[in-house]
Amino acid sequence: VIEELRGIVGAAHVLTGADAVARYVRDWTGRFTGATPAVVRPADTAEVAAVLALCARDGTPVVPQGGNTGLVGGSVPLHGEVVLSLERLRAVGPVDPAAAQLTAGAGATLADVQAAAAGAGLLYPVDLSARGSATVGGMVATNAGGLHVVRYGDTRGRLAGYEAVLADGTVLRHLAGLEKDNTGYDLGALLCGSEGTLGVVTAARLRLVARPRHRVTALLAFSSVAAAAGAVAELRQVESLTAAELMVREGVALVRDRFGVAPPFAELHPAYLLVEAAAGHDPVDELAAAADRAEPDDVAVADSPDARAALWEVRERHTEAVNLLGPPVKLDVTLPHARLAAFLEAVGTTVEASCPGARTWLFGHAADGNVHVNVTGCAPAGDDAVTAAVLELVAEQGGSISAEHGIGTVKRAYLHLVRTPAEIATFRRLKSALDPQAILNPHVLLP
Ligand SMILES: Cc1cc2nc3c(=O)[nH]c(=O)nc-3n(C[C@H](O)[C@H](O)[C@H](O)COP(=O)(O)OP(=O)(O)OC[C@H]3O[C@@H](n4cnc5c(N)ncnc54)[C@H](O)[C@@H]3O)c2cc1C
């Protein structure tokens, strides 16, 4: 098979040595390391199709991979699969200004797409800190959310068309991007969140938005996590709200100690919301009024790009800072807003009970009820106990066990907490219809 793969993509693009494949077999967190006979790097859709047809003929399992920034152990070959890297499909097409759309290859990074949109005076509004590496294909496959979902929705909402290759090499293409197009099943939407189990995304037609001329960013400090969570209701009144990000004292102190960046206040506060509003008019008064009603203990307003970047850096470096403590258990959950404060207060105790001595780090996209629960200091043996305890707490509260990172390998044993047997059976029917030999990411998503 490896010889035939070389014949399809060229010998230089079938990597086999341990050193050559190292960065493709280890995940971003360092928690998951697998092994692969080969990493295949096709140049275009036709080569992707030929690679998959060959793997289907041979029954060779494949893990599709983009930027390998996924956080749920879904992008690395944990069972000896071939890695199908889309990183060479990096072309970003011209912006269609009338449609406010562009087509990007699966391997284009989020930063590539954002730059192309900006070049045409527009904005691609899905944003996340892994923007320099996360790819279009990976973002579709995980239905990435990020920092601005409250205003602009997730990747599924941005997808106006798609191109993908099924497990047997069949190419599906629907890239016209017509805004009105009720012609049957929305296969692009089905690929969103499919985590490489139903097809390999090779290109996406993405919706852009007008670039807001005014933007204001502020950091609100609160006397408790519950007060910060409660403030979200006031902030949601701001029509131009684009972000409301939660941080708590421990995480902010960690970022300060690791990277020397900190909020511009004399002392640390128990909780913070980093809020941003953007509009065609200056949204500062509207945001200030909502912030007043939320009754923070302190407020810092960023009035220059540098000041704004400094506030965002405190939030964006949380993931990296926690990772430096050693591979964390990373749980990304959504709570109904009414339960958010109670969950934030209870989850540390839940973690401690299932893994004594572990530390819990909380941050996330508060406007979406989305909390990243990171746990460090738990021996690998305790990971499953922590995962089970936290996810069961989330399910009891009516939340989701995955807000935006996906199910991957980490959470597939818990899918039943939030999906009914009938739904999981339907997932399986879809999987076997599109990938009857189960060669596409066979150990991901489905229990
Ligand atoms: C610092 C940091 C911050 C992050 N912040 C956020 C955030 O705010 N919001 C958020 O949603 N995520 C976030 N993530 C997670 C991650 O960036 C996203 O899940 C992203 O969409 C993954 O893209 P990728 O190209 O790296 O995919 P990969 O990690 O390579 O793959 C992820 C999954 O998609 C599948 N896949 C990849 N490419 C394809 C393809 N072309 N076709 C089919 N399947 C494919 C893989 O098999 C795997 O199951 C963050 C990650 C990091 C490291």
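In each ligand, atom 1 is the first atom listed, and ligand 1 is the first ligand listed.
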Main-chain N/O of A108 paired to R90 side chain as donor or acceptor, under 3.5 Å: no
Would you mind checking which non-hydrogen protein atom is closest to atom 17 (O) of ligand 1, with the distance to 0.1 Å? T69 OG1, 2.7 Å
Check the angle between the aromatic planes of H405 and H372 and answer parallel, tilted or perpendicular using the 30° and 60° thresholds. parallel
Taking distance alone, with no angle check, do L71 and ligand 1 share an N/O pair under 3.5 Å? no
Is it the case that the side chain of E423 and the backbone of T420 share a donor-acceptor pair, with hydrogens and angles ignored and the cut-off at 3.5 Å? yes
Looking only at protein heavy atoms, which one is nearest to atom 41 (N) of ligand 1, and how far off is it? V201 O, 2.9 Å
Check: S133 N/O within less than 3.5 Å of ligand 1 N/O: no
Is a side-chain N or O of D383 found less than 3.5 angstrom from the main chain of V329, in a donor-acceptor match? no
Answer with yes or no whether the side chains of T109 and D112 bring together a donor and an acceptor at under 3.5 Å. yes
Taking both backbone and side-chain atoms of L147, is any N or O found less than 3.5 Å from an N or O belonging to ligand 1? no
Is a donor on one side and an acceptor on the other found under 3.5 Å between the side chain of R412 and the backbone of L446? yes
Distance-only donor-acceptor check, side chains H365 and E245, under 3.5 Å: yes
contact_flag G107 ligand 1 heavy-atom lt 4.0 Å: no
Taking 4.0 angstrom as the limit and counting only heavy atoms of G70, give me the atoms of ligand 1 inside it, by number and element. 26 (O), 29 (O)
For atom 47 (O) of ligand 1, what is the nearest protein heavy atom, given as residue, atom name and distance? P64 O, 2.6 Å
Candidate with minimal heavy-atom separation from atom 45 (C) of ligand 1, of G105, G132, A141: A141
Test of understanding: given a 4.0 Å heavy-atom threshold, classify the contact between E320 and ligand 1 as side chain, backbone, both, or neither. neither
For ligand 1 and T142, I'd like to know whether there is a polar contact (N/O to N/O, distance under 3.5 Å). yes
Quick one: does T155's side chain have a donor or acceptor within less than 3.5 Å of a partner on A144's backbone? yes
For atom 11 (O) of ligand 1, the protein heavy atom that lies nearest, with its residue and separation: G145 N, 2.9 Å
Protein residue, atom and distance nearest to atom 31 (O) of ligand 1, heavy-atom basis: S75 CB, 3.4 Å
If you scan protein heavy atoms around atom 12 (N) of ligand 1, the nearest is H405 CD2, 3.4 Å
Specify the protein heavy atom at minimum distance from atom 52 (C) of ligand 1: its residue, its atom name, and the distance to 0.1 Å. A130 CB, 3.6 Å
Any N/O of V200 closer than 3.5 Å to an N/O of ligand 1? no
Ignoring angles and geometry beyond distance, decide whether D127 reaches within less than 3.5 Å of ligand 1 through its nitrogen or oxygen atoms. no
Is there a polar contact, in the sense of an N or O pair closer than 3.5 Å, between E195 and ligand 1? yes
Which of the numbered atoms in ligand 1 are under 4.0 angstrom from any heavy atom belonging to L128? 5 (N), 6 (C), 7 (C), 8 (O), 9 (N), 10 (C), 17 (O)
For N441 and E195, indicate whether the former's side chain and the latter's backbone hold a donor-acceptor pair under 3.5 Å. yes
Should we count CG of D257 as having more than 12 external heavy atoms under 6.0 Å? yes
Any nitrogen or oxygen of T135, main chain or side chain, under 3.5 Å from a nitrogen or oxygen of ligand 1? yes
R41 and side chain to side chain donor-acceptor pair (under 3.5 Å): which partner among H13, E47, Q65? H13
Backbone or side-chain N or O of T319 under 3.5 Å from ligand 1 N or O: no
With no hydrogens and no angle check, is any side-chain donor or acceptor of D332 less than 3.5 Å from a backbone partner on E404? yes
For ligand 1, which atoms have a heavy atom of H365 less than 4.0 angstrom away? 8 (O)
Could a heavy atom of V444 be found less than 4.0 Å from some atom of ligand 1? no
D27 and ligand 1 - part of the residue with a heavy-atom distance under 4.0 Å: neither
Has N68 got a side-chain atom pairing as donor or acceptor with R26's backbone, closer than 3.5 angstrom? yes
Taking every non-hydrogen atom, the tightest pair across V39 and S85: CG1-CB, 4.2 Å
Quick one: does E404 get an N or O within less than 3.5 Å of an N or O on ligand 1? yes
Short list, please: which atoms of ligand 1 are under 4.0 Å from a heavy atom of G196? 43 (C), 44 (N)
Any side-chain donor paired with an acceptor under 3.5 Å for H174 and D181? yes
Please list, in number order, the atoms of ligand 1 under 4.0 Å from a heavy atom of A144. 11 (O), 21 (O)
Give the residue and atom name of whichever protein heavy atom lies nearest to atom 43 (C) of ligand 1, and the separation in Å to one decimal. G199 O, 3.5 Å
Donor-acceptor under 3.5 Å (D154 side chain, G157 main chain): yes
Close-contact set for ligand 1 against L86 heavy atoms, below 4.0 Å: 41 (N)
What is the ring orientation for H148 with W312, classed by angle as parallel under 30°, tilted 30 to 60°, or perpendicular over 60°? perpendicular
Just to be sure I'm reading this right: ignoring hydrogens, which of G138, G74, S85, G73 gets closest to atom 23 (O) of ligand 1? Compare them by their nearest heavy atoms. G138
